[in-house]
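For reference, the structure discussed in these notes is given below.
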Amino acid sequence: LKIVNAIRGQKPITEEMRCLRKDGAHCFCLVSVSFATKPDGVNDYVVFRSRDITQSRKTVRKLKQSNRHLTSRNAELESLATHDQLTSLYNRRFFDGQLERLCGFHARHQLPVCLAFIDIDFYKQYNDSYGHIAGDKVLKIVASELSKTFLRLEDITARYGGDEFVVVSSCAKDRESTFAHFEILRRRVEQLAIVNENSPCGGIVTLSIGVYIGIPQESATGTTILHAADLALYSAKTAGRNAAVLYSPEQHSPKTEETNRNSVIAQSGAR
């Protein structure tokens with residue numbers, strides 16, 4: 001119909017069409033219609049040109065399929081480079097890079113940042129008793145609860161290694177409400193009541209959480225605030241675990257926390 005209308009209006013046109021070869025096989029052709037005027041100036045020529053593009057269409061289709069496959073594969077590789085395969089959270093490598101960037105930004109602009117260290121209580125004993133498959137399941141459950149609790153774009157949740165998780169957030173203006181999110185996380189895991197007979201914390205899987213919220217000094221690095229959150233974490237463990245503790249420079253001096261850390265290790269043999 002387009003070609004008929006083009007002839008009627010004497011407008012050149014080029015269209016892809018499904019055509020029939022002499023042998024009865026179908027093919028795709030690029031059909032063009034143009035017009036030329038005879039020397040008498042009255043009668044016109046209608047010029048048809050047709051080119052078989054069946055093979056080129058197949059080639060283009062294969063290239064598109066190949067490009068889609070490459071795009072998908074690149075996305076998979078990018079995900080492997082930045083995410084933990086077991087929990088689907090960000091991995092430590094990605095987290096470390098983001099932490100340094102955020103620490104520098106917040107130090108320059110004097111903005112508060114939040115960093116939390118999260119540890120599953122008596123996880124080694126759980127693994128030893130219930131097996132690695134059950135242990136992996138617990139890691140996935142905790143990761144899922146982390147993702148449900150920290151949904152904002154400003155929140156980066158990652159598996160730091162083993163049974164340790166970290167959260168860093170750029171939005172931490174209100175210390176109380178920011179810290180409350182970690183209490184919510186702790187209670188959520190506690191309320192799941194996953195049995196861990198080796199845990200003195202009610203015989204269930206629980207979390208210990210150390211939280212740093214503050215404005216980093218200009219000389220601070222990611223390691224600096226990570227260490228502060230780690231000190232608060234050991235304070236939570238010293239207090240009996242299944243607790244969230246907010247870092248305080250007055251209460252968490254390195255000397256005091258080193259003493260507490262040795263005490264915790266001596267009591268449990270593992271974090």
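Hydrogens, waters and symmetry mates play no part in the numbers below; they use all other heavy atoms, side chains included.
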Here the gap from Gln85 atom CD to Arg159 atom CZ, rounded to the nearest 0.5 Å, amounts to 10.5 Å

task: Quick one: do Arg186 and Glu183 satisfy side-chain contact (heavy atoms from CB on, under 4.5 Å)? Show the steps, please.
output: CA-CA 5 Å; Arg186 185 193 63 77; Glu183 265 297 325; 3.0 Å; yes

- Task: Using atom types as modelled and distance alone, determine if a side-chain donor or acceptor of Thr157 lies under 3.5 Å from a backbone N or O of Val167.
- Result: no

Between Leu20 and His26, is there a side-chain heavy-atom distance shorter than 4.5 Å? yes

Short side-chain donor-acceptor distance under 3.5 Å, Ser208 and Asp119: no

Hey, is CZ on Arg21 packed in by over 12 heavy atoms from elsewhere, all under 6.0 Å? yes

Q: Indicate if Leu192 and Val195 have the same hydrophobic cluster label, given that clusters are the connected sets of ILVMFWY residues with side-chain heavy-atom separations under 4.5 angstrom.
A: yes

For Phe122 and Ser199 the tightest heavy-atom approach is CD1-OG, 3.7 Å

Between the OH atom in Tyr247 and the OG atom in Ser235, the distance rounded to the nearest 0.5 Å is 11.5 Å

Count the heavy atoms belonging to other residues, nucleotides or ligands that lie under 6.0 Å from CZ of Arg187, then report whether that count exceeds 12. yes

Between Asn242 and Glu190: side-chain donor-acceptor atoms closer than 3.5 Å = yes

- Query: Going by heavy atoms in the side chains, are Phe165 and Leu207 under 4.5 Å from each other?
  - Reply: no

Mind checking whether Phe182 and Phe150 have parallel, tilted or perpendicular rings, split at 30° and 60°?
tilted

Between Asp136 and Lys140, is there a side-chain N and carboxylate O pair less than 4.0 Å apart? no

query: Heavy atoms, side chains only, cut-off 4.5 Å: are Ile118 and Leu185 in contact?
result: yes

CD (Gln55) and SG (Cys27) are apart, to the nearest 0.5 Å, by 12.0 Å

- Assess whether side-chain contact (heavy atoms from CB on, under 4.5 Å) is satisfied between Leu99 and Ile225, documenting all intermediate values. CA-CA 9 Å; Leu99 179 60; Ile225 59 176; 3.7 Å; yes

**Message:** Would you say Gln98 and Arg101 are linked by a side-chain donor-acceptor pair, where the criterion is simply a distance under 3.5 Å?
**Reply:** yes

Heavy-atom nearest pair, Pro216 first then His106, reads CD-CB, 4.0 Å

Thr223 and Glu100 have their tightest heavy-atom pair at N-OE2, 3.7 Å

inquiry  = Would you say that more than 12 heavy atoms from the other residues, nucleotides or ligands in this model lie under 6.0 Å from the CD of Gln110, or not?
reply    = yes

To the nearest 0.5 Å, atom CG of Asp96 lies from atom OH of Tyr160 at 5.0 Å

Fill in: Ion pair Lys237/Asp121, N-O distance below 4.0 Å
yes

In this structure, CE of Met17 is separated from SG of Cys29 (nearest 0.5 Å) by 8.5 Å

**Q.** Residue Gln65 excluded, over 12 heavy atoms near CD under 6.0 Å
**A.** yes

The residue among Arg152, Glu154, His181 that forms side-chain hydrogen bond (donor to acceptor under 3.5 Å, both in side chains) with Ser169 is Arg152

Check: If you measure only the distance, is there a donor-acceptor pair under 3.5 Å linking the side chains of Arg241 and Thr206?
Finding: no

Carefully, step by step, assess Leu102 and Ser170 under the rule side-chain contact (heavy atoms from CB on, under 4.5 Å).
CA-CA 7 Å; Leu102 287 172; Ser170 298; 3.2 Å; yes

What one should report as the nearest heavy-atom pair of Leu151 and Asp155 is N-OD2, 3.7 Å

Heavy-atom nearest pair, Phe94 first then Ile156, reads CE2-CG2, 4.3 Å

Would you say Tyr212's side chain and Leu231's backbone share a donor-acceptor pair under 3.5 angstrom?
no

d(His83 NE2, Asn91 CG) to nearest 0.5 Å is 8.0 Å

**Message:** Within the 4.5 Å heavy-atom criterion, are Glu145 and Lys148 side-chain neighbours or not?
**Reply:** yes

- Message: Does Ile133 have more than 12 heavy atoms from other residues, nucleotides or ligands lying within 6.0 Å of its CD1?
- Response: no

Between Thr224 and Thr221, do the side chains contain a donor N or O and an acceptor N or O under 3.5 Å apart? yes

Atom NE2 of residue position His132 - does it have more than 12 heavy atoms of other residues, nucleotides or ligands inside 6.0 Å? no

(Q) Pair Tyr126, Ile194 - check side-chain contact (heavy atoms from CB on, under 4.5 Å), show working. (A) CA-CA 11 Å; Tyr126 184 94; Ile194 302 169; 4.0 Å; yes

Minimal heavy-atom distance between Ile204 and Cys201, with the atoms involved, is CG1-O, 3.4 Å

- request: Please examine the side chains of Leu233 and Val245, heavy atoms only from C-beta on, and report whether any two atoms are closer than 4.5 Å.
  value: no

Exercise. Find out if a path of hydrophobic residues (ILVMFWY) with successive side-chain heavy-atom gaps under 4.5 Å connects Val113 to Ile215.
Key: no

Contact between Leu89 and Ser147 at the side-chain level, heavy atoms closer than 4.5 Å - yes or no? yes

According to the interplanar angle, ranging from 0 to 90°, do the rings of Phe105 and His109 count as parallel (below 30°), tilted (30 to 60°) or perpendicular (above 60°)? tilted

In the single-linkage hydrophobic clustering (I, L, V, M, F, W, Y; side-chain heavy atoms under 4.5 Å), do Ile141 and Leu146 co-cluster?
yes

ask   = Val142 versus Asp163: any side-chain heavy-atom pair under 4.5 Å?
value = no

Side-chain heavy-atom pair Leu226, Phe95 within 4.5 angstrom cut-off
yes

